[in-house]
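Notes to accompany the following structure.
Just so it is clear, the model here is predicted, and its values are computed rather than measured. Both backbone and side-chain heavy atoms feed into the values below; hydrogens, waters and symmetry mates do not. Reminder, nothing fancy here: chain letters follow the sequence lines and each chain counts from 1.
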Amino acid sequence: MRDASGHSESPGLDEVAGGSWISNWLDSRTGYRALVRSALYERVPGGARWRYVWGSTLVFAFMTQVITGLVLWASYSASAQTAWESVYYIQYEMTGGWLLRGLHHVMAQAMVVLLALHVMQVVIDGAYRAPREVNFWLGLVLMMLVLGMALTGYLLPWDQKGYWATRVATNLAGLVPLVGPSIQQLVVGGPDYGHHTLTRFFALHAGFLPATLVIFLVLHLTLFRKHGLHAKQPITKPDAMFWPDQVLKDAVAMLAVMAVVLGVILMPALRAILAGEPIVPGHLGAELGAPADPSEPYAAARPEWYFLFLFQFLKVFEGWGATGEFLGAIVVPGATLGIMFLMPIFGQWKLGHRFNIVFTIAILAGAGLLTAMALHEDYYALWADRSAFADVEKLIESTGGDDEKIFAALGHDKEKLNVFTNRREKLEAIRRSEAFLAAVKQAARDSSRAVELAGRPEKIPSTGALSLVRSDPLSQGPKLFAQHCQSCHAHIDPTAENAEEVFAKSSAANLFEFGRESWVRGLLDPKRVGGAAYFGNTAHKEGDMVSFVCEDFTDEDEWKQDDKEAVIFTLVAESGLLQGTGKKGTGRKKVIKRGQGLIADTDRCGSCHPYRDNETELGYAPDLNGWGSEEWLVGIITDPTHQRFYPDTNDRMPRFGVASEGGLQALSNKQIKLVSQWLRGSWYRPAVHSQASSVRDHP
Amino acid sequence: MTEQLSEDSAEQETRRRSFLAGVVAVLCGGLATLPPVVAAVWAFLDPLQRSSGAATFLPLTDLTNVPADGQPRQFPVIADRVDAWTGYQAEPIGAVYVKRDEGTERVEVLSATCPHAGCFVELDNAAGCFRCPCHNSSFTLDGGIVAPSPSPRSMDSLECEVSKAGAVSVKWQNFYTGIEDKVARK
């Protein structure tokens with residue numbers, strides 16, 4: 001049978017397609033029936049089997065990545081100021097964005113698992129043997145391309161997790177002899193990480209790698225069709241056709257893969273429903289960390305779980321320096337891959353085939369073991385009992401960790417020392433794990449705060465979300481405080497369980513809720529003013545303020561209860577943190593006026609403190625005008641020896657905002673402002689929480 | 001005869017099973033492909049849910065900057081703007097021509113966007129008219145169409161208010177281009 005175009009067709013195909021005039025017309029122009037036929041009616045020796053589904057599920061997974069990836073591309077913007085921001089928009093603001101990104105993210109992981117299964121099936125079945133060697137090599141190239149896409153995709157959200165993990169990966173690439181540094185610079189897009197790292201990674205992830213993958217996939221499938229399916233021996237069942245028998249199994253497997261992927265995405269929603277909590281779509285699917293910040297350490301940095309074994313493997317070579325890293329990151333993985341490329345050659349012999357199977361299983365088992373080890377190290381503190389090592393901790397503390405002293409304390413008993421060293425290592429492991437878990441928690445807090453800030457009605461400034469985080473008192477305050485203030489000052493709720501313990505260790509006042517009613521009440525409480533939470537551990541322990549509160553302020557003839565309340569109320573009013581104290585309108589004004597009179601009175605507070613127009617000279621005691629306000633706090637942190645504060649009686653507090661000529665301030669003016677705002681609890685709160693939130697809702 | 005029948009029925013059974021397997025395979029494959037397709041379409045259609053919000057009056061200039069000489073003057077429209085994830089504060093978001101005729105207090109505001117295809121209409125002082133550089137639409141200084149013109153309608157006038165103190169504000173809107181009627185975009 002020959003149609004008008006002279007195209008020859010095998011008889012019977014009309015029947016297959018129904019033979020309508022449209023299909024006849026289309027077929028005469030395209031020859032699609034022959035194509036469909038050759039695609040579907042492939043002989044499967046020994047019948048359809050579940051073990052043949054992995055290749056198809058991989059193609060399905062790749063198609064899912066293409067579909068979701070293209071639409072993600074339509075909303076993604078690759079630059080250091082817009083990558084995180086656009087991903088935030090996809091995840092939290094775009095309709096269905098969470099599902100789109102979730103599918104892309106989880107399917108990428110599923111693909112790695114499917115790859116492992118596919119390789120295993122091919123090796124165990126000996127499907128790499130002649131004449132299918134080239135196809136096996138093509139498959140290995142495909143595997144590397146998929147892993148390359150996983151690696152490059154991890155960076156694209158430009159969050160802390162992806163940024164730090166990728167820094168490690170690119171630094172390792174720099175270890176390749178001779179060309180390493182050049183490779184690194186080419187991949188990173190310059191000497192440093194930035195816009196070009198993202199544009200290049202994106203071009204690799206969405207352009208070069210998938211395009212190459214498609215080419216190799218076409219070759220892989222063409223050769224697969226050329227040689228036919230390699231049947232698992234021995235063949236016990238009659239042959240079947242690819243359609244519909246094997247297609248059915250493939251389709252069921254695809255559905256199962258999709259069900260697992262959806263299950264992973266929707267699991268938190270199920271948990272929320274069970275816990276009776278509202279479902280936040282943005283929290284489903286893929287997570288988004290805080291925006292990448294090269295100046296912010298990120299102890300929770302780990303590669304994606306399927307690269308965790310490589311991360312752990314590098315630890316094997318700890319102490320070997322750059323040589324070790326070169327061995328662990330390049331030589332050994334390279335050699336492994338090299339052996340895999342040689343598998344079809346080895347497989348010609350029965351022994352070689354057995355070696356290949358053992359090798360593949362060993363690699364997968366080794367990777368599994370290394371992954372388990374990495375997870376065990378990271379999460380060790382969750383099940384380890386640190387209190388069981390209290391004696392070890394005590395001995396280290398009392399000896400300052402000095403080996404000689406420890407040996408002496410153990411009575412120079414070598415056996416005891418061995419036991420001790422062993423237990424000390426375990427304690428160290430717990431400590432490292434605790435640090436990691438704390439870092440993970442901190443990362444989660446940073447991430448949700450960044451998302452909260454990005455969701456403000458004003459949206460993200462054009463300078464990017466990082467600038468938003470860097471100018472956020474809630475994000476920066478605790479870090480700056482820990483770094484610069486915590487060596488003396490405590491910042492802990494006095495009602496907390498370990499508060500007294502923390503106060504005892506601190507050498508300056510507790511600044512929790514500074515400027516608020518609770519803090520002022522403590523300051524003017526004779527039982528507390530001389531305690532560790534206020535002046536107890538300072539040079540002012542026996543100073544005039546403590547004796548004033550303990551003696552004068554308790555004198556009920558001199559200070560009526562109403563007067564005391566008025567002073568407290570007025571001081572809080574000076575700090576501008578009166579909200580929630582009850583009094584409003586004229587009542588409030590009256591009390592403040594009375595309090596102002598009492599504070600300014602030169603027979604009362606005003607005898608030492610300058611306030612309003614009481615003409616008390618600056619310099620003896622801190623100025624109470626605007627006490628506790630942001631401006632006042634900025635002033636005292638900048639220079640506590642300023643006339644307004646403690647020009648002669650400053651007790652060890654550094655001048656954070658004053659620098660010697662040519663030097664740098666310990667804290668920049670912006671940082672001082674951030675600490676002050678954080679201490680005062682003044683930071684952005686989303687509208688829904690604003691009424692309920694207080695200074696207590698800080699981390 | 002019986003053998004023939006049983007062979008036929010066996011073949012029928014195989015065909016029936018094949019058909020069923022095919023249907024189930026298509027169903028499973030379709031179902032598996034559904035989530036990415038749904039997510040992709042759902043997210044891709046997101047822009048249809050966005051609107052630029054209700055038109056509001058934005059401060060434009062002071063009356064003293066618009067002399068009553070019948071001569072249009074160009075002013076930028078300044079407003080806060082949100083572009084997907086980025087928020088811009090007090091940024092030029094468009095331009096208008098403002099004119100006050102001799103001896104009147106009445107202020108007229110014309111959008112600088114050409115109603116033909118959305119190009120920026122320029123003021124041709126020498127010719128005493130507005131001219132669009134893209135397709136040569138011309139308009140009188142009142143915004144009226146100068147025939148023949150590719151523009152289907154006159155320049156779009158915008159509502160404006162002048163406060164007692166002399167602050168001129170404009171109700172900023174964009175209109176669909178290329179049609180005879182002036183229909184505001186949402």
Side-chain angles (χ1 to χ4, degrees), chain A residues 48 57 60 63-72 74-75 77 81-82 84-90 92-104 107 241 243-259 261-262 265 454 456-462 464-465, chain B residues 6-54 56 58 76 78-94 186:
Chain A
T57 54
F60 166 69
M63 287 320 294
T64 304
Q65 296 307 76
V66 171
I67 294 168
T68 50
L70 280 174
V71 181
L72 281 169
S75 301
S77 175
Q81 265 91 49
T82 58
W84 187 92
E85 293 73 5
S86 59
V87 175
Y88 156 79
Y89 189 80
I90 293 168
Y92 288 91
E93 302 209 5
M94 217 164 109
T95 50
W98 61 272
L99 179 60
L100 184 73
R101 195 168 160 253
L103 283 169
H104 198 73
M107 192 54 95
M241 281 295 169
W243 169 264
D245 300 357
Q246 186 61 44
V247 174
L248 174 63
K249 286 196 163 59
D250 287 357
V252 171
M254 288 174 200
L255 190 60
V257 169
M258 185 48 77
V261 167
L262 278 178
I265 296 170
R456 299 171 320 146
E458 300 90 332
K459 303 293 172 191
I460 304 167
S462 51
Chain B
S6 71
E7 249 177 51
D8 278 359
S9 68
E11 196 178 315
Q12 261 186 352
E13 174 64 14
T14 316
R15 275 182 170 234
R16 199 181 64 84
R17 286 184 65 154
S18 267
F19 176 76
L20 209 65
V23 169
V24 177
V26 169
L27 275 178
C28 287
L31 216 57
T33 323
L34 209 56
V37 172
V38 167
V41 172
W42 192 14
F44 191 75
L45 296 181
D46 174 78
L48 294 180
Q49 311 232 348
R50 313 278 154 189
S51 80
S52 48
T56 49
L58 300 169
I78 310 284
D80 290 350
R81 183 170 72 92
V82 171
D83 178 4
W85 57 83
T86 310
Y88 296 97
Q89 313 267 300
E91 221 206 18
I93 57 166
K186 282 181 183 155

With a 4.5 angstrom heavy-atom cut-off, which part of A/Leu100 approaches chain B: side chain, backbone, both or neither? both
Taking the side chain as every heavy atom from C-beta outward, state whether A/Val257 and A/Thr64 have any pair of such atoms under 4.5 Å apart. no
Is it the side chain or the backbone of A/Phe60 that comes within 4.5 Å of chain B heavy atoms, both, or neither? side chain
Side chain proximity check, A/Leu103 to A/Met258, heavy atoms < 4.5 angstrom: yes
Need one label for B/Val82: side chain, backbone, both or neither, based on atoms under 4.5 Å from any heavy atom in chain A. side chain
Are any non-hydrogen side-chain atoms of A/Met94 and A/Arg101 less than 4.5 angstrom apart? no
Chain B contacts, top residue of A/Ser86, A/Ala74, A/Gly102 (heavy-atom pairs, under 4.5 Å): A/Ser86
State, yes or no, whether a side-chain contact exists between B/Ile93 and B/Asp80 at a heavy-atom distance under 4.5 Å. no
Does A/Ser462 offer a backbone N or O that forms a donor-acceptor pair with the side chain of A/Gln81 under 3.5 Å? no
With a 4.5 angstrom heavy-atom cut-off, could you sort out which part of A/Thr82 is near chain B: side chain, backbone, both or neither? both
Heavy-atom contact with chain B under 4.5 Å, split by part of A/Thr68: side chain
Which one, B/Ala25, B/Ala32, B/Pro35, leads in non-hydrogen pairs under 4.5 Å with chain A? B/Ala32
Just give me the residue among B/Gly29, B/Ala21, B/Gly30 that pairs up with chain A most often, heavy atom to heavy atom, under 4.5 Å. B/Ala21
Donor-acceptor pairs under 3.5 Å, side chain of residues 38-48 of chain B to any protein atom, not counting sequence neighbours: which ones?
unit_1	atom_1	unit_2	atom_2	d
B/Asp46	OD1	A/Thr95	N	2.9
B/Asp46	OD1	A/Thr95	OG1	3.3
B/Asp46	OD1	B/Arg50	NH2	2.8
B/Asp46	OD2	B/Arg50	NE	3.2
B/Asp46	OD2	B/Arg50	NH2	3.4

Tell me whether A/Gln65 contacts the main-chain N or O of A/His104 through its side chain, where contact means a donor paired with an acceptor under 3.5 Å. yes
Segment of A/Leu99 engaging chain B (4.5 angstrom heavy-atom cut-off): both
